[in-house]
Structure formats: structure tokens, C-alpha cells
Amino acid sequence: FHGPEPLLQPPSGAVKSIKPRWSGISRDARQRGFEPEAGLQFLTPRRKNLTFSEFKTAVAKLSYALNNHLGITKNDVVLIFAPNSIQYPICSYSIIALGAIVTTVNPQLTIEELSTQIQDSNPKLIITVQELYQKLENFDLPVVFLGSKSSRNGCFSYQDLISRSGSVSELPNVSIRGDDTAALLYSSGTIGVRKGVILSHKNFIAASQMVTSDQRLMGEQDYVHLCFLPMFHIYAFSVILYSQLQEGNTIISMGKFSFHGVLKNIDTYRVTHLWAVPPVILSFTKQNVVKRFHISSLKVIISGGAPLGKGLLMECTKRFPHVFVLQGYGMTETTAAISMGSPIMGHGVLSGSTGRLLPGIEAQIVSLDTNNYESLPPNHIGEIWVRGASMMQGYLNNPQATRLKIDEHGFVHTGDLGYFDDKGQLFVVDRVKDLIKSNGFQVAPSELEARLLSHSEILEAAVIPYPDNERGEVPIAFVVRFPNCFLTEQDVNRFIANQVAPYFQLRRVIFLDSIRKSASGKILKRVLVEEVRSR
Ligand code: AYL
């Protein structure tokens, strides 16, 4: 299901809390011919754009219906199991406005994985689309379909619920405190079990203030953010939806990433900001930009979610010379962003760093070699620990995992390896657990992956450790070749051998048709470990 590609469009200062920037329709939107009809409109699933006041009314109507017709009240959990759409943020905020808790699910999860999340989070209601219903049939829970009709008995349709709310246009009057839970987002579980991350209202407020602080310095502008990243994931949920809507920016919702679709949307909607993950940057650098699209509106491309080699960043900058290509770093447990490059401050630009810490975040780099948690000076690599108002409240039903992640001083132990340079720019190297330890030396798989990707015949690459009796571990590589390329294992070995110390030469190269990635662009290393075992 990737339906039509709707968009959220802000005018009318209804949602603004600081100062109404939008009065009527924006200049830019007018030029683009998005002018909405006067007054509030009845929302139908086919409507393709929304003003801020229409958005607020839709949230008010849906919260009213969730409360009055489906009995959802404060602290109840509601699960959204759906692809990106214009209704996604409406549903999320309707739940949160009631003081209830939203939990989101990747539509690609299997029934078993879904079942684990349902047991853990105990939702009272599921919001989904017809196409995904098959996976939900065996759960005895009320269901709302995002659409105009519900084809099943005992289920409700979004449209029906909105209609039942009549003339309601104000948000529910519920007492909500900053520490109340707003969302339960599940960590990606690329290595271990997925855990429910408890995020409060205060966490989201802090995160969105941090992420948009830079835009405020840039002055009043009509920014347009493209959202093809999945809305169920913290990256899109916090950094794009929550933060940009509260800032009064336009969001263009895209169902699924395609290079062609992205260029077309940049052209049509004059997109200024594009949020991406490394595989997307990779596809930008390895495909030709289609000349017939006008992409001059694009100002910033931000990559995050997984390591991005400096080589790729440079390549992408060459492809889009008028654009700042930057990195952001964050995690679900920190309500997304910890650090981010800034075009105005000039940090993170072309350096390969993830920028400087966002305002209000403290960090230290802690030595891996000792057990006394020594804090390291600039240019020394260690584990990144962070603290601030956007740190999670803990993991749901898992006090032990919570204690391991957040210490008594409030520092989140990220499990990531990195360092600060002299200018305070944070470089994220890789995950501590993914490091390959060979003969007492350590190498980050991301470093070898970046070297492999610099080969003109290699489309995708991944490196994992492999047990070795003599050396402890050795690196092995998975490579996807460009179509019609006949690179051999020997060629790849030779290419790497010329660049690294002998103990980091590849023990084996396995050619694949594709490499599976998580929603946030992380290589699913456990899938690769199984792949090696099966050979
Ligand atoms: P989760 N470089 C290297 N690794 C990264 C980076 C980066 N720029 N960003 C995230 N990661 C890895 O919970 C890192 O291992 O959230 C981190 O612990 O799915 C893990 O991803 C967290 O994975 C933003 C805001 C990116 C958010 C995000 C992604 C949050 C991913 C940029 O500005």
C-alpha cells in the first residue's frame, strides 16, 4: 500500500505556540497553487493537503471520537500499524491529546513480532489499513481502518469516526503533565530483542526545541520537509513530524522511497529539507540525477540512523553542489537527535562529523579499556554517553535493561563508539558491539564498508566479524556488485589489502543480490551472520 502521496501543508497560525508565522496561506504555497478553500473543510481520505487549522480540527474530532465512541482515556495504549500517510500524524496526536499513549509498528513485522509488541504494550485499540488487516485477524482487539469504509463487522472507519464528531473543533480538556508517557516506540533490535522505549511529553517538547533551534537562527522561512522515512520510527516521528509541525513547516508525506519519486516531489513541492539514511545517500551517489527535474529549492540533506563514510558524503555533495549534506546522530532512547550538523554554524559540513551536540545535551566519551569509566579528552575514541531533557523514561517492563542503559547520574550509555574533535564536533564511528577485534587490534566495520563502497563496481557492502582460532576475529565482507560487473573475491581482497593493515584484510567475500537494512538504514547484521552459517 503506497497510495497517493498526500501532504500536510501549514498555513493559519492555529498550531503555532510562539508566534503566528502563518497568516492565511504562505507565499511559497500560493505560488505552488496549494491554496485551500476558505474555512474548515470536511476531511476525506482523498484530500491531499491540510492547513494547520484543518489539521488541528481533525485531531480534535478524532480525539473526541476515540474517547466518546471507543472509550480511550488517559494512559490507554493505542497501536498504529500503518504505512506513511497524512492521517498518521493526525492519529498520533489525537491519541496523545487524550493523554493516551501511542505505540507504532513497522508494517513489515511478522505476526510473531507483532504479537510480542502487543503482549508487551497491551493496546486497547489498533489503527491500521485494510491491506494489513490479515496480520491482525487473530488479535481480539477493536480496529479502526484509515479510510472511508470499514469492510468488517465490529471495526470502525477513520472517516466515520471523524463524521460522528460533528462540529467539535477544540482539543479535549485533559490534565497532562510533562512526565506523562506520550509514546512507546520500540527500539530497532538489529542485534537483540526489541524493547519498548517510554517517551514522555517533556521528552518530545525538548527534542523538538533542540532540532529546530538552528532553523530559528536562520530566520523566518517557508521550509518544506520531505518525509519518505517511515513514520513509525523515531527519526521521522520526532525529527520530521513532531518537530517540523510545531515549528510551522510543511511536510510532504511519501509512501515509499524511490529516487525518481524524491526528485519529482522536490520539483513539485519545492522541497527545502530532505531527511535520509545512508542507503538513500548511497543511491543518490550511485544514480544519475535526472536533469528534467528542478531541484534548486533543496537546501539541506541530512543523513542519520547509521554510519555514513566521509567518501559517500563527499560524493553526495558533488552530486548536489548547491546543497549542504550533513549528518545527524540520535537514537530512540534519546527521542532522536543528540547532535546535528549546521549549515549556519558551519560545523558538520564536509567534515564527516555528526555536528555538535544539540542545545541542552551533555556528553562524555568514556574509555572502553578500563572499568573506571574514565572520561576522555578530544580526539580519543570511546563510548558516547549522553544526558539531557530528551532522554527516555526507561524500557517498558524491563527495569534490568533500563539500569544497564541509563546510569544513576542520568547518562544514557549509547553503545556507540565515537570522539569529539577540538572544535566539539562529534564523530560516530560504529557500534561498540560491532567492533572487530583481531590480534588485540580493533577495527570498525563501518571503516571497511566505506572503503569497499569507494570501489566503482561495488553497489552495497557490509562487514561482520568472523571467529578465528588464531586471531580471535577476522572481518568478512558481503558485497553487492553493480549490474553487469564481474568483480571477483580476489579483486575485492586485493583492493582492500592495499589499504589496510594485514590483520584487517578480508578473510572472505560473499556476493549477494542485496543487503537487508532496517527502517533507519542499519545493516541487519544478524541476517548476515545467519547467511554465513547457512553456507
Ligand atoms: P535507532 N552515525 C552512526 N550511527 C548512527 C547515526 C550516525 N549519524 N545515527 C544513528 N546511529 C546509530 O534507535 C547508532 O548506533 O534511532 C545509534 O545508537 O533506530 C542507533 O543508530 C540508534 O538507532 C537524527 C535523529 C538520526 C535521529 C536519527 C536516527 C535515530 C535512530 C538522525 O537527526
Side-chain angles (χ1 to χ4, degrees), residues 104 106 183-192 194-197 199 203-204 206-208 210-215 225 227 229-230 232-244 273-281 300-310 312-313 325-342 348 351-358 361 363 381 383-386 390-392 395 405 412-419 425-435 444-447 449-450 517-525:
T104 61
N106 180 346
L184 263 179
L185 296 193
Y186 278 69
S187 61
S188 52
T190 42
I191 309 171
R194 299 171 67 247
K195 294 185 281 288
V197 176
L199 298 174
N203 287 154
F204 280 100
S208 76
M210 291 172 197
V211 163
T212 54
S213 56
D214 207 52
Q215 291 177 17
H225 294 253
C227 182
L229 296 177
F232 66 80
H233 187 265
I234 192 70
Y235 191 172
F237 194 87
S238 171
V239 176
I240 314 183
L241 299 187
Y242 192 95
S243 303
Q244 306 310 332
H273 287 65
L274 198 144
W275 300 89
V277 289
V280 167
I281 304 287
V300 188
I301 299 177
I302 302 150
S303 171
L308 177 75
K310 195 172 167 185
L312 264 186
L313 186 126
V325 184
L326 304 166
Q327 278 197 82
Y329 161 62
M331 55 202 305
T332 311
E333 287 83 345
T334 60
T335 327
I338 294 169
S339 66
M340 206 180 291
S342 158
S351 70
S353 84
T354 66
R356 301 215 331 213
L357 293 176
L358 289 173
I361 299 274
I381 294 188
E383 188 183 357
I384 305 165
W385 289 12
V386 290
S390 56
M391 305 299 127
M392 68 165 177
Y395 292 117
K405 200 69 184 175
V412 166
H413 300 196
T414 64
D416 293 318
L417 206 61
Y419 65 97
Q425 300 193 98
L426 177 61
F427 289 78
V428 182
V429 177
D430 215 325
R431 295 189 65 79
V432 175
K433 281 189 185 144
D434 287 349
L435 269 191
S446 63
E447 189 191 322
E449 286 157 8
K517 316 258 173 26
S518 75
S520 56
K522 293 186 225 335
I523 295 164
L524 292 175
K525 304 239 164 163

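Only heavy atoms go into these numbers, but all of them, side chains included; no hydrogens, no water, no symmetry mates. Counting from 1, the numbers follow the sequence of the chain as shown. Every number for a ligand or one of its atoms is a count from 1 in the order of the listing. Source: prediction; values computed, not measured.
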Legend entry - N or O contact, Tyr235 vs ligand 1, cut-off under 3.5 Å: no

Legend entry - Pick from Lys522, His233, Lys433, Met331: the one approaching atom 23 (O) of ligand 1 most closely through a non-hydrogen atom: Lys522

Legend entry - Best match, Gly328, Gly330, Ala236, Gly304: closest heavy atom to atom 8 (N) of ligand 1: Gly328

Legend entry - Proximal atoms of ligand 1 relative to Met340 (non-hydrogen, under 4.0 Å): 33 (O)

Legend entry - Modelled atom types, side-chain donor and acceptor of Tyr186 and Asn106, under 3.5 Å: no

Inset, instruction - Identify, with sequence neighbours excluded, every residue that meets ring pair (Phe, Tyr, Trp, His ring centres under 6.0 Å) alongside Phe232. - result: none

Inset, instruction - Quick one: sort the Phe204 and Tyr242 rings into parallel, tilted or perpendicular, breaks at 30° and 60°. - result: tilted

Inset, instruction - Could you tell me whether Thr332 and ligand 1 have an N or O pair separated by under 3.5 Å? - result: yes

Legend entry - Per-atom contacts of ligand 1 with Thr354, taking only distances under 4.0 Å to non-hydrogen atoms: 8 (N)

Inset, instruction - Ignoring hydrogens and angles, state whether a donor on the side chain of Ser353 or Gln425 is under 3.5 Å from an acceptor on the partner side chain. - result: yes

Legend entry - Selection from Gly355, Ala276, Ser187, Ala306 by shortest heavy-atom distance to atom 7 (C) of ligand 1: Ala306

Inset, instruction - Answer yes or no: is there a side-chain heavy-atom contact under 4.5 Å between Ile523 and Glu449? - result: yes

Inset, instruction - Under 4.0 Å from a heavy atom of Ala337: give me the atoms of ligand 1 that qualify, with their elements. - result: 25 (C), 33 (O)

Legend entry - Heavy-atom pair of closest approach, residues Leu313 and Gly352: CD2-N, 4.3 Å

Inset, instruction - Could you pull out, from Leu426, Asp416, Ile338, the option with a heavy atom nearest to atom 18 (O) of ligand 1? - result: Asp416

Inset, instruction - Determine yes or no for a side-chain-to-main-chain donor-acceptor pair under 3.5 angstrom, with Thr334 supplying the side chain and Met331 the backbone. - result: yes

Inset, instruction - Go through ligand 1 atom by atom and flag the ones less than 4.0 Å from a non-hydrogen atom of Val239. - result: 25 (C)

Legend entry - Partners passing side chain to side chain contact (heavy atoms under 4.5 Å, CB included) against Ala306 (at least two apart in sequence or in another chain): Pro278, Lys522

Legend entry - Any Ser520 heavy atom less than 4.0 Å to ligand 1: yes

